[in-house]
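Heads up: the structure comes next, in structure tokens.
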Amino acid sequence: MNKKHATIKKIITVSLIMIMALAAMTGCGGEQAKEDEMTTLVLGTSADYAPFEFMYPDENGDMQYGGIDIYVSQYIADYMGLELQVENMSFNNLLTSLGKGQFDMVLADIEATDERKEAADFSDPYLTELAPQFLVKAENADQFKSYSDFEGKTIGAQTATTKYNIISEIPDVSPVALQNVLDLIKEVSYGKVDAILVDGSVAQQYQASNDDLVALSFDELGTSADVCVAVAKGDPKGLLPKINEAIAKMNEENKIEEFKKTANDYADVWQEVSAPEEDTESEEE
């Protein structure tokens, strides 16, 4: 091989090495690049589940989002240096839409069940939710001394949630599925169903604000559950590390108790707004 060919070969070899090194660097920093390019963090939620997510009129009468999950989301967005954008959707379509890239994350008092982990990835827990509780009319509360007293009754729960699965397993029960928790409250308040089943903190909130309703808990309904942030399966935007950092800092500062108090301050004016249901697969709360 003459000197000219050797020089050319050396140049080609060095060029290939540089290209491969650049590709490796790009691959290693790809997720960080995606995060660095973001200016807005898009939240998917279902604003029909106070005190976790709801809407309320501000001093100008303009509707604003509020609730524990909204404040947690804002904290995460601030930590990441991003603007928060909230999108409202019926609960049973949130994870499907997350997988399609319509949101960056989902917060909706959502538990990281094994089934959900097949469709999305989840953060560390940011709060612990009370076990589900029944809500019944106060005048009928004495009828339900044990879990078996709900057998053969008509019981409502939110569509495509774990609460609906629970009531469906009670012997001879007539389950009623509705999209909106406010509609469930109306059903039990008007005596159209014997009881409804919701998350414990939601039941406690409605009992506190409505003298006609009583919350009932039973061991058969299980124990407390961890609530997490959901991101698309595989975390393609590399958001989970920063989200978990924000959650750790938030827990150190005991912010959840502050967020709960702030949400409850709006109890007299909050409005639970359900978005129109879309034609996608269901998820469970």
Side-chain angles (χ1 to χ4, degrees), residues 41 43-59 64-84 86 88 91 94 105-113 122-135 158 161-163 181-182 185 197-211 213-217 221-231 239-273 285:
L41 188 65
L43 165 69
T45 194
S46 183
D48 63 348
Y49 212 64
F52 289 94
E53 35 268 334
F54 54 83
M55 297 192 76
Y56 66 93
D58 62 16
E59 61 274 12
Q64 306 292 333
Y65 286 102
I68 298 168
D69 286 338
I70 304 299
Y71 308 141
V72 170
S73 300
Q74 186 64 64
Y75 187 98
I76 292 171
D78 290 343
Y79 182 85
M80 298 175 69
L82 302 174
E83 294 292 326
L84 181 67
V86 183
N88 188 29
F91 176 84
L94 284 173
M105 62 181 187
V106 164
L107 283 83
D109 189 27
I110 191 167
E111 304 162 21
T113 63
F122 291 86
S123 71
D124 297 333
Y126 61 88
L127 65 80
T128 300
E129 172 61 285
L130 299 176
Q133 296 180 5
F134 290 106
L135 277 172
Q158 195 172 18
T161 64
T162 54
K163 269 64 70 180
V181 174
L182 275 180
I185 294 297
L197 186 64
V198 294
D199 283 307
S201 59
V202 177
Q204 290 296 314
Q205 184 64 55
Y206 276 105
Q207 176 179 250
S209 60
N210 192 327
D211 293 337
L213 298 176
V214 172
L216 302 175
S217 60
L221 292 173
T223 58
S224 58
D226 290 333
V227 178
C228 306
V229 178
V231 300
L239 300 176
L240 275 183
K242 286 292 187 182
I243 289 175
N244 284 332
E245 286 178 16
I247 290 172
K249 187 171 186 291
M250 183 177 66
N251 289 335
E252 288 176 4
E253 298 172 353
N254 198 29
K255 284 291 186 178
I256 286 295
E257 294 307 313
E258 176 185 322
F259 296 158
K260 288 179 180 179
K261 182 181 183 304
T262 302
N264 290 335
D265 287 343
Y266 289 100
D268 292 336
V269 295
W270 70 33
Q271 299 178 27
E272 297 171 299
V273 182
E285 185 170 20

Give the intermediate values and the outcome of side chain to side chain donor-acceptor pair (under 3.5 Å) for residues T45 and E53.
-> CA-CA 7 Å; T45 194; E53 35 268 334; 3.2 Å; yes

Quick check: does any side chain N or O of D226 sit under 3.5 Å from a backbone N or O of P125, one acting as donor and the other as acceptor?
-> no

Check whether any side-chain heavy atom of L182 sits under 4.5 Å from a side-chain heavy atom of D48, and report yes or no.
-> no

Just do the side chain to side chain donor-acceptor pair (under 3.5 Å) check on E258 and N254 with the steps written out, would you?
-> CA-CA 7 Å; E258 176 185 322; N254 198 29; over 6 Å; no

Gap between atom CG of L213 and atom CG of L135 - 0.5 Å precision = 5.5 Å

Do L239 and L41 touch side chain to side chain, with heavy atoms closer than 4.5 Å?
-> yes

Could you go through the side-chain contact (heavy atoms from CB on, under 4.5 Å) check for Q271 and F54 one step at a time?
-> CA-CA 6 Å; Q271 299 178 27; F54 54 83; over 6 Å; no

What are the two closest non-hydrogen atoms of L94 and A108, and how far apart are they?
-> CD1-CB, 3.7 Å

Sub-4.5 Å side-chain heavy-atom contact between D265 and K261 | yes

Derivation and outcome, side-chain contact (heavy atoms from CB on, under 4.5 Å), residues Y206 and V198 | CA-CA 10 Å; Y206 276 105; V198 294; 5.8 Å; no

Starting at CG of D124, measure out to CG of N251 and round the result to the nearest 0.5 Å.
-> 9.0 Å

Measure across A263 and Y71 and return the closest heavy-atom pair with its distance rounded to 0.1 Å.
-> N-CE1, 3.8 Å

Are a donor atom and an acceptor atom from the side chains of S201 and D199 found within less than 3.5 Å of each other?
-> no

Measuring from T262:OG1 to I68:CD1, what's the distance to the nearest 0.5 Å?
-> 9.5 Å

Please list all pairs passing the salt bridge (Lys or Arg N to Asp or Glu O under 4.0 Å) test where one or both residues lie in residues 244-254, with sequence neighbours left out.
-> K242-E245, K249-E253

Considering residues, nucleotides and ligands other than D58, do more than 12 of their heavy atoms fall under 6.0 Å from its CG?
-> yes

With the side chain counted from C-beta on, respond yes when Y49 and Q158 share a heavy-atom pair under 4.5 Å apart, and no when they do not.
-> yes

Check whether any side-chain heavy atom of L43 sits under 4.5 Å from a side-chain heavy atom of S73, and report yes or no.
-> yes

Non-neighbouring partners of E257 that pass salt bridge (Lys or Arg N to Asp or Glu O under 4.0 Å), sequence neighbours left out | K260

Nearest 0.5 Å please: distance from the CD1 atom of I185 over to the CG atom of N210.
-> 7.5 Å

All heavy atoms of Q207 vs all of A215, minimum pair found to be OE1-N, 2.9 Å

Nearest heavy-atom pair of P132 and L197: which atoms, and what distance?
-> CB-CD1, 3.9 Å

Would you please test E129 and F52 for side-chain contact (heavy atoms from CB on, under 4.5 Å) and show each step?
-> CA-CA 11 Å; E129 172 61 285; F52 289 94; 3.2 Å; yes

Using a 4.5 Å cut-off on heavy atoms from C-beta on, say whether the side chain of V229 contacts that of M105.
-> yes

Side-chain heavy-atom pair V231, S123 within 4.5 angstrom cut-off | no

Please name the pair of heavy atoms, one in A131 and one in G222, separated by the smallest distance, quoted to 0.1 Å.
-> CB-O, 3.3 Å

Nearest heavy-atom approach of F122 to A112 is CG-CB, 3.6 Å

When rounded to the nearest 0.5 angstrom, what is the spacing between CD1 in I110 and SG in C228?
-> 9.0 Å

Please walk me through it: do Y65 and N88 pass side chain to side chain donor-acceptor pair (under 3.5 Å)?
-> CA-CA 10 Å; Y65 286 102; N88 188 29; 4.6 Å; no

Report the C-alpha distance between W270 and Q205 in whole Å, list the side-chain angles of each, state the deciding distance to 0.1 Å, and finish with yes or no for side-chain contact (heavy atoms from CB on, under 4.5 Å).
-> CA-CA 12 Å; W270 70 33; Q205 184 64 55; 3.3 Å; yes

All ring pair (Phe, Tyr, Trp, His ring centres under 6.0 Å) counterparts of Y56, not counting sequence neighbours = Y266

For the residue pair F259 and I256, establish whether any side-chain heavy-atom pair is separated by less than 4.5 Å.
-> yes

Whether D69 side chain and D109 backbone form a donor-acceptor pair below 3.5 Å | yes

